[in-house]
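Data first, discussion second: the structure below is written as structure tokens.
Numbering of residues begins at 1 and proceeds along the displayed sequence. Just so it is clear, the structure is predicted and the values come from calculations on it, not from any experiment.
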Amino acid sequence: MSFHHAMRGTPEADWLTALEDRPPPAFELQPGTRLLVVVAAHPDDETLGAGGLIAHAHGRGIPVEVLVLSDGEASHPDSPTRTPEELAEIRRREVAHAVHALAPDVRPRQPGLPDGRLAEHVDSATSLLREIVGDVGVGAVLAAPWEGDRHPDHEAAAQAAERVARETGALLLEYPVWAWHWGRPGDLPWDRLVALPLTEADHAAKRTALARHRSQVEPLSDEPGDELLLSADMLGHFDRGTEVFFDPAGDATRPVLERLHRRSADPWAVGASAYEHDKRAATLDALPAGRTFEHVLDAGCSIGALTAELAARAHRVTALDLSETAVAAAQRRLAGLAQVDVRTARLPQDWPDGRFDLVVVSEIAYFLSPEELDGLADRARAALAPGGLVLVCSWRHEVDGWPWPDGQAAHAHLVAALGLEPTLERAERDYRLTVLEER
């Protein structure tokens with residue numbers, strides 16, 4: 001089905017009713033998000049489809065890149081007052097001003113690929129996106145037009161984004177633009193929709209940005225061929241309190257750590273990394289020689305490498321991880337150890353029942369917010385058996401995208417929050433290890 005911008009579209013009231021009757025799951029940019037990349041086929045796509053997302057990410061301190069593939073010079077092909085070259089210059093300025101309203105320190109990248117012919121330049125668009133995403137991988141979120149938007153340039157931009165997401169592990173979100181105009185609720189893959197709630201500030205920034213695309217939201221002139229492109233009815237689809245995206249892989253609500261384990265069977269290289277081997281050896285050396293523990297909690301077990309070694313020193317081990325994929329891998333690794341119980345859990349909320357005479361918090365402190373660390377400390381202290389120990393081990397360097405600037409700051413916060421007596425302190429170049437005992 002073809003469509004024209006001047007045709008009568010689906011009323012916004014119909015969409016609002018459908019979204020209220022069957023609300024999409026809400027999503028937020030997960031902790032661990034290191035980069036948001038928004039790709040647009042034309043100037044204004046980025047604001048219409050993902051302006052709130054850009055403002056939201058910028059407000060949270062997440063780096064943002066905007067790639068606008070064409071200059072939109074074909075928006076008014078019959079204009080008697082503007083040449084395509086003049087339109088390109090106008091729209092380049094407009095998108096720069098619009099992005100500034102959403103994220104003041106971001107300048108869009110504008111390679112000037114030909115408007116209306118992006119299908120011939122998918123390889124170039126893919127190379128540009130690949131360069132922007134770089135090695136951020138799973139920590140990147142890539143938002144692009146929906147492939148089913150029934151616009152060939154949108155389809156080309158979506159194809160480039162899908163390639164890069166598949167190669168790098170970036171989370172892919174697709175935003176509809178023209179689908180709100182030509183489509184009906186039954187036309188869309190509703191089970192793949194997610195919705196980003198916008199704050200008042202996000203919403204206001206998006207409205208300001210849309211107004212800066214004057215060549216699209218106002219007529220160029222009163223002459224035939226200079227007519228308005230984005231009517232008030234069309235713009236109404238983008239003035240909601242949420243932004244709606246397609247989540248083709250079903251990953252938008254999954255934690256970054258789950259997506260990381262889905263992409264790699266051993267994301268921390270625990271089997272091959274000299275750092276991991278040294279850290280595990282130091283962890284075991286820090287425990288009192290000859291002591292066998294009654295019940296150990298491994299809070300953040302990943303695929304169970306350290307858990308297996310702790311099991312040799314314990315009658316029982318409870319091992320937890322946020323990633324379902326990691327837990328499944330740990331269960332396979334530890335299947336022959338009857339004393340080990342591996343579970344999926346989010347800490348501190350899912351703290352297990354029982355008393356522990358050793359709690360190991362290895363390499364997870366910097367994944368948690370200060371409030372979560374305080375809650376974890378409270379739970380660990382309350383669950384500690386008389387004479388029990390807490391062992392905290394943390395990477396000391398920068399940790400992009402997580403609540404802490406580096407692992408050492410998170411480590412110090414947790415140690416202080418535990419309020420226990422330090423009995424051992426070991427600081428290596430790459431990690432810090434502290435053992436604490438109940439007073």
Distance, nearest 0.5 Å, that separates [atom1] of [X] from [atom2] of [Y]:
| X | Y | atom1 | atom2 | result |
| --- | --- | --- | --- | --- |
| L102 | E46 | CG | CD | 7.5 Å |
| L376 | Q349 | CG | CD | 10.0 Å |
| T325 | R254 | OG1 | CZ | 7.5 Å |
| H213 | L48 | NE2 | CG | 7.0 Å |
| S362 | D298 | OG | CG | 7.5 Å |

Looking only at heavy atoms, what is the nearest atom pair of [X] and [Y], with distance?
| X | Y | value |
| --- | --- | --- |
| T168 | G134 | CG2-O, 4.4 Å |
| Y366 | E363 | OH-OE1, 2.7 Å |
| G225 | H76 | O-CD2, 3.6 Å |
| T242 | A195 | CB-CB, 4.2 Å |
| L188 | A179 | CD2-CB, 4.2 Å |
| L29 | H56 | CD1-CD2, 3.9 Å |

**Message:** Measuring only between side-chain heavy atoms, which start at C-beta, is V106 closer than 4.5 Å to P63?
**Reply:** no

Side chains of S75 and L87: closer than 4.5 Å at any heavy-atom pair? yes

Check your understanding: Is E12 salt-bridged to R240, cutoff N-O under 4.0 Å?
Key ->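 Judged by the 4.0 Å cut-off on N to carboxylate O distance, E12 and R240 do form a salt bridge.
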
> Can we say D123 and R163 salt-bridge, meaning some charged N sits less than 4.0 Å from an Asp/Glu carboxylate O?
Replying inline: yes

Taking atom [atom1] of [X] as the centre, does the number of heavy atoms from other residues, nucleotides or ligands within less than 6.0 Å exceed 12?
| X | atom1 | answer |
| --- | --- | --- |
| D105 | CG | yes |
| E20 | CD | no |
| R107 | CZ | no |
| E428 | CD | yes |
| R346 | CZ | no |

Tested for salt bridge (Lys or Arg N to Asp or Glu O under 4.0 Å) against D44, the lone hit among K206, R91, R214 is R91

Determine whether the aromatic ring centres of residues H42 and H151 are separated by less than 6.0 angstrom. yes

Quick one: does any side-chain atom of [X] pair with a main-chain N or O of [Y] as donor and acceptor, under 3.5 Å?
| X | Y | result |
| --- | --- | --- |
| E243 | L198 | no |
| R432 | G407 | no |
| D153 | L118 | yes |
| D45 | A41 | yes |

Working for side chain to side chain contact (heavy atoms under 4.5 Å, CB included), residues R184 and D187 | CA-CA 5 Å; R184 301 289 299 172; D187 296 332; 3.6 Å; yes

Parallel under 30°, tilted from 30 to 60°, perpendicular over 60°: which one fits the rings of W402 and F367?
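The rings of W402 and F367 sit tilted, inter-plane angle from 30° to 60°.
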
task = Evaluate the ring planes of W15 and W190, with Trp represented by its six-membered ring, and classify them as parallel (under 30°), tilted (30 to 60°) or perpendicular (over 60°).
result = parallel

For T81 and E223, test the side chains for any donor-to-acceptor distance below 3.5 angstrom and give the result as yes or no.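 Side chains of T81 and E223: no pair found under 3.5 Å.
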
Residue pair E324 / H261, side-chain donor-acceptor N/O under 3.5 Å: no

Let me see the working for D226 and S79 under side chain to side chain donor-acceptor pair (under 3.5 Å), right down to the final yes or no. CA-CA 5 Å; D226 279 354; S79 173; 2.5 Å; yes

- prompt: For the ring-ring contact (aromatic ring centres under 6.0 Å, His included) test, which of W404, Y431, Y275 pairs with W395?
  reply: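 It is Y275; the other options fail the test.
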
Show the numbers, then the answer: is there a side chain to side chain donor-acceptor pair (under 3.5 Å) between D374 and H413?
CA-CA 8 Å; D374 289 342; H413 184 102; 2.8 Å; yes

